[in-house]
Amino acid sequence: MIRRLLQHSFILLNVDYVSLGDRWNYKNVISPYYRMYYIDAGEGSISNGKKNWLLEPGYIYLIPSFTICDLHCSSYLSQYFIHFFEEARDGISLFHYNRNIFKIEATDLDIANFKRIYEINPYRKINRSDNPKVYEKNVYYQEYEELNNKQSNKSFLETQGIMLQLVSKFLDEEQSQFGNVQDVPSKIVDLLGFIQLNLHKPLTVKMLADKVNLHSDYLSRIFLKLTGERPLAYIHTKRIERAQYLIVTTDLSLTQIAEDTGFSSLPHFSKVFKAVTSLTPGKYREQNNMVDENRGLEED
């Protein structure tokens, strides 16, 4: 049981308490990390294009990584927020099956946890801008990684404990929508980790099946049971997630990103990218770079 739970860990990126106004209006936000908000005053909203969630005092909201959303505040909103990465040893996110937006009512303990993680991590604020397209840059990620390395063992363990408590609040609702995957062979779970580490290499269903000594059709059925996708679809999803991260956090060319994520050509990469995200890689990069002309105003 402990080994299973420890397959998932979380790496703190940002934590802050902010007051927001009508400039907090951003569309098509998609991040390689999780966002968690506790609202204590005012009003705003989050939308995924299909459903709208009211941001209201007394509630906690979770936006899993790679979940596209719009953020909106018409007048005033104050919130505690936490940004964090997830590391999964088997390559399956806790929210792999449901990249949705979650909302639950906060308890007194939840509120205390938000205030405590903010108190013991005083250098995790976003001081540059509240625009995600400004602060989601690799150089800033590196700064926070260095802070993690310098954090005392006491603060690190307490921070981890708080994040685990807060994430656990959303698991009953999330997991109830999926089947039981405990009967999946361990070598299939290990195979997911292999895929995650080798996205840049040619991967075929036959090669994966041979690696675990299974028939390709049987592997495909087990894959569908575990991940909700056939092997090639799963590989494409993971490659595009990696590509999104590289587009947001680096200045690599799209050709280089296509190569680094295992695509044989830029046209093939663009076709799969659009099928998964509804945007071409160029359009996705453009959306994440359309802040330069307004950056000075946003940082005032």
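Count residues from 1 along the sequence. Since we're looking at a predicted model, the values are computed, not measured.
For the residue pair R35 and Y37, the shortest heavy atom distance occurs at CD-OH, 3.7 Å. Looking at every heavy atom in both residues, Y61 comes nearest to E56 through OH-N, 2.9 Å. Across all their heavy atoms, S45 and L55 have their closest contact at N-CD1, 3.6 Å. Here the shortest heavy-atom pairing between F223 and R230 reads CD2-C, 4.3 Å. Residue I60 comes nearest to A106 through the heavy atom pair CG1-CB, 3.7 Å, listed as atom of the first residue, atom of the second, then distance.
Residues satisfying the salt bridge (charged side-chain N to carboxylate O under 4.0 Å, His left out) test with K211, not counting sequence neighbours, are none. Evaluation of the ring pair (Phe, Tyr, Trp, His ring centres under 6.0 Å) rule for F84 yields F10, Y34 as partners, not counting sequence neighbours. By the side chain to side chain donor-acceptor pair (under 3.5 Å) test, S78 pairs with D40, sequence neighbours left out. Y59 meets the ring pair (Phe, Tyr, Trp, His ring centres under 6.0 Å) test with no other residue; sequence neighbours excluded. Y17 is linked by a ring pair (Phe, Tyr, Trp, His ring centres under 6.0 Å) to Y80, counting only residues two or more places apart in sequence or in another chain. Under the side chain to side chain donor-acceptor pair (under 3.5 Å) criterion, Q256 pairs with D260, sequence neighbours left out. Applying the salt bridge (charged side-chain N to carboxylate O under 4.0 Å, His left out) test to E43 and every residue at least two apart in sequence or in another chain returns nothing. Taking H72 as the reference, N25 meet the side chain to side chain donor-acceptor pair (under 3.5 Å) condition, with sequence neighbours excluded. Residues satisfying the side chain to side chain donor-acceptor pair (under 3.5 Å) criterion with K274, sequence neighbours excluded, are absent altogether. Listed by chain and number, the residues in a salt bridge (charged side-chain N to carboxylate O under 4.0 Å, His left out) with D22 amount to none (sequence neighbours excluded).
Judged by distance alone, the side chain of S220 and the main-chain N or O of S216 form no donor-acceptor pair under 3.5 Å. Remark: side-chain polar atoms of Y234 are not paired, donor with acceptor, to backbone N or O of L224 under 3.5 angstrom. Counting only distance, with no hydrogens or angles, the side chain of R124 and the backbone of L12 share a donor-acceptor pair below 3.5 Å.
Side-chain contact check for W53 versus N100: some heavy-atom pair is nearer than 4.5 Å. Using a 4.5 Å cut-off on side-chain heavy atoms (C-beta onward), I101 and C69 make contact. Considering only heavy atoms from C-beta on, F273 stays 4.5 Å or farther from T280 through its side chain. Inter-residue side-chain proximity for Q244 and T277 is flagged as met; some heavy-atom pair is nearer than 4.5 Å. Using a 4.5 Å cut-off on side-chain heavy atoms (C-beta onward), T204 and K206 make contact. Side-chain contact between L219 and L191 is present, with heavy atoms from C-beta onward closer than 4.5 Å. Counting heavy atoms from C-beta outward, R285 and I257 have side chains that approach closer than 4.5 Å.
In terms of hydrophobic clustering, with Ile, Leu, Val, Met, Phe, Trp and Tyr side chains grouped at heavy-atom distances under 4.5 Å, L171 and I82 are assigned to a common cluster. L109 and M36 fall into different hydrophobic clusters, defined by Ile, Leu, Val, Met, Phe, Trp and Tyr side-chain heavy atoms under 4.5 Å apart, directly or through other members. Connection of L199 to F194 is established within a shared hydrophobic cluster, with ILVMFWY side chains joined at heavy-atom distances below 4.5 Å, either directly or through further cluster members. Clustering ILVMFWY residues whenever any of their side-chain heavy atoms sit less than 4.5 angstrom apart, transitively, puts Y76 in a cluster other than the one holding I46. One hydrophobic cluster, built from ILVMFWY side chains closer than 4.5 Å, holds both I111 and I104.
Put simply, CD1 on I247 and CG on L252 are 10.0 Å apart, with the number rounded to the nearest 0.5 Å. Taken from CG in L203 to CG in L208, the straight-line distance is 5.5 Å, to the nearest 0.5 Å. A distance of 8.5 Å separates CE in M163 from CD1 in I11, rounded to the nearest 0.5 Å. With rounding to the nearest 0.5 angstrom, the OG1 atom of T261 is 10.0 Å from the NE2 atom of H236. Considering CD1 of I195 and NZ of K201, their distance stands at 13.0 Å, rounded to 0.5 Å. Taken from CD in E286 to NZ in K283, the straight-line distance is 4.0 Å, to the nearest 0.5 Å.
One finds no salt bridge joining R221 and D217 here, because no Lys/Arg side-chain nitrogen approaches an Asp/Glu carboxylate oxygen to under 4.0 Å.
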Show me the side-chain donor-acceptor pairs of residues 264-271 shorter than 3.5 Å, one per line, residues at least two apart or across chains.
| residue | atom | partner | partner atom | Å |
| --- | --- | --- | --- | --- |
| S265 | OG | H268 | N | 3.3 |
| S270 | OG | L266 | O | 3.0 |

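Residues in residues 152-164 take part in these salt bridge (Lys or Arg N to Asp or Glu O under 4.0 Å) pairs, two or more places apart or across chains: R116-E158, K154-E158.
Between F114 and Y38, the ring planes lie tilted relative to each other; the angle falls in the 30° to 60° range.
For D210, the CG atom sits in a packed shell: over 12 heavy atoms of surrounding residues, nucleotides or ligands are nearer than 6.0 Å.
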